[in-house]
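Every number for a ligand or one of its atoms is a count from 1 in the order of the listing. Because only heavy atoms are used, hydrogens play no part in the values below, and waters and symmetry mates are left out as well, while side chains stay in.
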Amino acid sequence: MMHRLFPSDAREVSDDDLVDLYRFPEPSGSSRPWVRANFVASADGAAQGRDFKSGTLSGAADRRVFALLRALCDVILVGAGTTRVEGYKPVRAEESDTDLRAEHDLEPLPAMAVVSRSLNLDTELVRGSSAPTVVVTVQSAPTEALARVRELAPVVVAGEHDVDFAEALRQLAAQGYRRMLCEGGPTLMHSLVAADCLDDLCLTLSPSLIAGERLRITHGGTLEPPRDLRLAHLLEEGGELFARYCVDRPESPGTMSSSANVSGTSS
Ligand SMILES: NC(=O)c1ccc[n+]([C@@H]2O[C@H](COP(=O)([O-])OP(=O)(O)OC[C@H]3O[C@@H](n4cnc5c(N)ncnc54)[C@H](OP(=O)(O)O)[C@@H]3O)[C@@H](O)[C@H]2O)c1
């Protein structure tokens, strides 16, 4: 059974409590989505397990939180590197908590938004399912690959060589994607944080030490200034710690403007 350590009332956390703790903020007038990241790391900071994937860092409670966060979002934002290493596919109906999603005015399945410069992407992922996959790329993307992707999926082009996340998020919000869950990886996370586009971070600390050469949850140049996090809650189950941090961004969107409406239109 999970316990809440902060704010400390030492009571057990029910499934309903967990939904309340992780629900996205209520919609209000912002033109960009609320962006939440979810990561798991070992106690010594590795974002890759012994097999260089993240699943080997996760316990049962982390898998539950992972699924709940997916159940509460409109769209999963993920870097192409993670899709290749982890073999990402569109979310299937049997993986989705459609009742919970309906209660939160969400479409039955979350869409995917895959960030790639090279467009070296899995065709099944790009094609999507009943929920679309949106490909987020740059003007310098390879022309032929871009034409192929456009035949299969809506595309957002933002930025010349690096995705301009402020612009990409505006375009995604205009398509109805307001509650965004970033599942990594570390390179994408670095880009999002550097662009001050991250609103909250859900971080699971796995009770393990792994050492070796592993990525941390942000990978890239030193962030100047470092971004400060505010602890919103800390939970524990089975030795795993579940922290939720809020990021004080310069232009915090506060809350969001309209309820989610997954359109999948290309731009
Ligand atoms: N512990 C965890 O919770 C967790 C979560 C996710 C991933 N991981 C692990 O992290 C590793 C992958 O890390 P990663 O950093 O390589 O993956 P990543 O961030 O998912 O992907 C990096 C790729 O995404 C694209 N990309 C990212 N930022 C971009 C930008 N600003 N502009 C244009 N394209 C951009 C590029 O794709 P192209 O190469 O296609 O151009 C880039 O090579 C895997 O081992 C995975 O298991 C761990």
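- Shown in contact with S54 at under 4.0 Å from a heavy atom are these atoms of ligand 1, numbered in order with element: 1 (N), 2 (C), 4 (C), 47 (O), 48 (C).
- Below 4.0 Å from some heavy atom of K53 lie the following atoms of ligand 1, by number and element: 47 (O).
- Residue contacts with ligand 1, taken as heavy atom pairs separated by less than 4.0 Å, involve L215 solely via side-chain atoms from C-beta onward.
- Between V157 and T137 the shortest side-chain heavy-atom distance falls below 4.5 Å.
- Under a 4.0 Å heavy-atom criterion, M189 is not in contact with ligand 1.
- One finds the OH atom of Y88 at 3.5 Å from the CD atom of E183 (value rounded to the nearest 0.5 Å).
- Close approach to F52 involves these atoms of ligand 1, each under 4.0 Å from a residue heavy atom: 44 (C), 45 (O), 47 (O).
- In this structure, A41 has no heavy atom closer than 4.0 Å to ligand 1.
- Taking every heavy atom of Q48 and a limit of under 4.0 angstrom, the matching atoms of ligand 1 come to 11 (C), 44 (C), 45 (O).
- In this structure, R36 is positioned above the aromatic face of F24, its NZ or CZ under 6.0 Å from the six-membered ring centre and within 45° of the axis.
- Against a heavy-atom cut-off of under 4.0 Å, D162 is close to the following atoms of ligand 1: 32 (N).
- Remark: atom 42 (C) of ligand 1 lies closer than 4.0 Å to no protein heavy atom.
- Counting atoms of ligand 1 from 1 in the listed order, those under 4.0 Å from a heavy atom of V163 are 30 (C), 31 (N), 32 (N), 33 (C).
- Comparing R214, E86, R84 against atom 46 (C) of ligand 1, the shortest heavy-atom distance belongs to E86.
- Counting atoms of ligand 1 from 1 in the listed order, those under 4.0 Å from a heavy atom of G184 are 6 (C), 20 (O).
- Residue-level proximity to ligand 1 for R117 is carried by backbone and side chain together, each with a heavy atom below 4.0 angstrom.
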